[in-house]
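Read the structure below first, then the notes.
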Protein chains: 2
Amino acid sequence: MFKKVLIADDLISVNSGVETLLNELHIPQITKVQYCDDAYLKIKEAHKNGQAYDLLITDLSFIPDHRTQKIISGKQLVVVLKKEFPKLKIIVYTVEDKAGLADNLINTQHINGYVSKGRNGLAELKEALKLVAKDKTYISPAIQQIITGSATKNITHNDIILLQLLSQGMPQSQISNYFKTHQLSPSSLSAIEKQLNRLRDYFGAKNATHLVSIAKDLGLL
Amino acid sequence: MFKKVLIADDLISVNSGVETLLNELHIPQITKVQYCDDAYLKIKEAHKNGQAYDLLITDLSFIPDHRTQKIISGKQLVVVLKKEFPKLKIIVYTVEDKAGLADNLINTQHINGYVSKGRNGLAELKEALKLVAKDKTYISPAIQQIITGSATKNITHNDIILLQLLSQGMPQSQISNYFKTHQLSPSSLSAIEKQLNRLRDYFGAKNATHLVSIAKDLGLL
DNA sequence: GCTCTCCTTACGGAAAACCGTAAGGTTTTG
DNA sequence: CAAAACCTTACGGTTTTCCGTAAGGAGAGC
């Protein structure tokens, strides 16, 4: 089991609840923070001192307040940490029940667990801790069901990029150029159109605007 | 101060935290529920028995689980209750820090308070309880600042409808027809175009897709 | 009454999105 | 190797969006 764990959640009540669970599991070193920046600094310093954390349990949404922060979301925190400290295990513990988001984080950021807070979130978190300690990946059943169930399968990284650019108001011609300069293929305008057509079909969207709306609802964006 | 209060939040930890606060304020009757349907039924029954609740404190997002529910979000719950029991005061207590959403709920549903959970959410909730008891409306300072600050002012109900239809993939010509049949004016295609132009300008959107994306981020949709 | 202003509608042209078809390449397969 | 299947790109036409300009109408103020 883990020896040194960092908990990052802005809500004190949640934060404490997780700590209680970790105590039950007899984890010796537990640190709690309420800001992403604090989480990053703690992990960086511990690593430098040769006393690295085994695990980070983090929320995704951190409510901004008077303290200006460099890292303002759990997603950003995950991206930065997984890049800088690949060995650090990360469990995301959040209320966001978006399957697309979970899928995204697991496949592109390689997080080790995605647990949705909920009526019995702590029980799921306990299960996740056991599995992740054994180098496995845990996803909350509800989320897992949605992912394997229907939507958000067959969606490639290119699709996500296309949807992101689209949601930023970029016309298809420019998206084609973007794909060319970033060496994403296929990149022709015709190919972009085809890709979009496929996505519209897949999600049952009437047009690009509708498509972006659906993607945002699913948490893909 | 209030005598009979219902708390609706799916997360037990939050639920308990609020209860503790209400105890401190010496509120005699406190009920907790974890589902929107339960909240609705409790309120309906209490009203029928002539022992109506004074106040509902509710979250907005309720995570779905095995129990199938008729009312699946706090927003739906608010709409239903404010229609059926206009005298019931409602404070929304949520992590959603979307100014557009708060604005929307206050102006169209006439909720009495919008408190964002956060690092000192309970302190704000306490303040809200005092004000709402005096028939005033409370909005968390952070949210208030955003609303009065810049965005989401000057956005009419028609604008919201337009954005919603747009996000559902409806072409402008059909939106014009929709406005005509629902007696919303102006309704001509030209007017719809103009309205859209204004909204694009206002939010700095490049096109309709971008506009919908921004509106969703702000919580207007 | 009148004019002025504001709101709504109408129109025309350029840009972009949408849609089908087909040509040129590449990979797979027998 | 050759045929087939698949992928990528190209092109033309229709619809929709975007944008400027202008005409028609209602109301405000003089």
Side-chain angles (χ1 to χ4, degrees), chain A residues 151 153-218 220-221, chain B residues 107 151-218 220-221:
Chain A
K153 280 191 302 188
N154 310 332
I155 300 300
T156 69
H157 189 54
N158 273 18
D159 289 335
I160 301 292
I161 295 175
L162 173 55
L163 288 170
Q164 282 172 344
L165 296 177
L166 212 58
S167 77
Q168 293 163 17
M170 192 181 285
Q172 294 176 16
S173 55
Q174 280 185 41
I175 293 178
S176 170
N177 292 335
Y178 181 96
F179 268 50
K180 282 191 177 74
T181 57
H182 289 73
Q183 286 158 8
L184 303 170
S185 81
S187 64
S188 71
L189 176 57
S190 192
I192 302 292
E193 285 182 354
K194 193 148 292 188
Q195 193 180 348
L196 258 174
N197 205 358
R198 186 173 56 76
L199 286 170
R200 274 203 308 275
D201 244 38
Y202 187 76
F203 289 109
K206 293 175 186 170
N207 55 33
T209 303
H210 193 194
L211 179 61
V212 165
S213 174
I214 293 171
K216 278 185 113 64
D217 283 342
L218 290 174
L220 286 168
L221 302 183
Chain B
N107 288 322
T152 73
K153 281 190 303 189
N154 309 332
I155 301 300
T156 69
H157 189 54
N158 273 18
D159 290 335
I160 302 292
I161 294 175
L162 173 55
L163 288 170
Q164 282 171 343
L165 296 177
L166 212 57
S167 77
Q168 292 163 18
M170 193 181 285
Q172 294 175 16
S173 54
Q174 280 185 41
I175 293 179
S176 170
N177 292 334
Y178 180 96
F179 269 51
K180 282 191 177 74
T181 57
H182 289 73
Q183 285 157 8
L184 303 169
S185 82
S187 64
S188 71
L189 176 58
S190 192
I192 301 293
E193 286 181 354
K194 193 148 292 188
Q195 193 180 349
L196 258 174
N197 204 359
R198 186 173 55 77
L199 286 170
R200 274 203 307 276
D201 245 37
Y202 187 77
F203 289 109
K206 293 176 186 169
N207 54 34
T209 302
H210 193 195
L211 179 61
V212 165
S213 173
I214 293 172
K216 278 186 114 61
D217 283 342
L218 290 174
L220 286 168
L221 301 183

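Reminder, nothing fancy here: chain letters follow the sequence lines and each chain counts from 1. This one's a predicted model, so the numbers in the text were calculated from it and none came from an experiment.
Here the shortest heavy-atom pairing between A/Pro186 and A/Ala191 reads CB-CB, 3.5 Å. Taking both residues in full, the closest heavy atoms of B/Leu166 and B/Ala208 are given as CD2-CB, 3.9 Å, listed atom of the first, atom of the second, then distance. Closest non-hydrogen pair, B/Val212 versus A/Ser213, comes out as CG1-CB, 4.3 Å. Residues A/Lys206 and A/His210 approach most closely at N-ND1, 3.0 Å, considering heavy atoms.
With rounding to the nearest 0.5 angstrom, the CD atom of B/Gln174 is 11.0 Å from the CD atom of B/Gln168. Here the CD1-CG distance, from B/Ile160 to B/Leu221, works out to 6.5 Å after rounding to the nearest 0.5 Å. Rounding to the nearest 0.5 Å gives a distance of 10.0 Å between CG of B/Leu162 and OG of B/Ser167. Taking CG of B/Leu163 as the reference point, atom CG of B/Asn158 lies at 11.0 Å (rounded to 0.5 Å). Note that NZ of B/Lys216 and CD of B/Gln164 are 9.0 Å apart. Values are rounded to the nearest 0.5 Å. Taking OG1 of A/Thr156 as the start and CZ of A/Arg198 as the end, the distance is 6.0 Å to the nearest 0.5 Å.
For the pair A/Leu189 CG and D/dG12 P, the computed distance is 14 Å after rounding to whole Å. Rounded to whole Å, atom C1' of C/dT9 lies 16 Å from atom CG of B/Leu196. In this structure, the CZ atom of B/Arg198 is 10 Å from the P atom of C/dT8, given to the nearest Å. Between A/Lys180 atom NZ and D/dT8 atom P the separation is 13 Å, expressed in whole Å. Here the C1' atom of nucleotide D/dT9 and the CG atom of A/Asn197 are 16 Å apart, to the nearest Å. In this entry the distance linking CG of B/Asn207 with C1' of C/dA14 reads 16 Å, nearest Å. Summarising the geometry, the separation between CD1 on A/Ile192 and P on D/dA10 is reported as 12 Å, rounded to the nearest angstrom. Rounding to whole angstrom units, CZ of residue A/Phe179 and P of D/dT9 are separated by 11 Å.
Look at B/Arg200 and you won't find any side-chain N or O under 4.0 angstrom from OP1 or OP2 of D/dT17. A/Ser190 has no side-chain polar atom (N or O) that falls below the 4.0 Å cut-off from OP1 or OP2 of D/dT9.
Contacts between residues 166-176 of chain A and DNA chain C, defined by a heavy-atom separation under 4.0 Å, are made by A/Pro171, A/Gln172.
An end-to-end axis angle of 20° holds for the helix from C/dG1-D/dC30 to C/dG30-D/dC1, taken from five base pairs per end and rounded to 10°.
For A/Pro186, taking side-chain heavy atoms from C-beta onward, the closest of the listed nucleotides C/dC18, D/dC18, D/dT8 is D/dT8.
Of the possible donor and acceptor atoms, none in the side chain of A/Asp217 sits under 3.5 Å from a partner among the backbone N and O of A/Ile214.
Where B/Lys194 and B/Lys206 meet DNA chain D, the nucleotide closest to each residue was compared, and B/Lys206 sits on the side nearer the 5' end.
Between the side chains of B/Ser176 and B/Lys180, at least one donor N or O sits under 3.5 Å from an acceptor N or O.
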Would you mind building the protein contact string for nucleotides 23-28 of chain C? One character per nucleotide, 5' to 3', B for base within reach (heavy atoms under 4.0 Å), S for sugar-phosphate only, - for untouched. ------
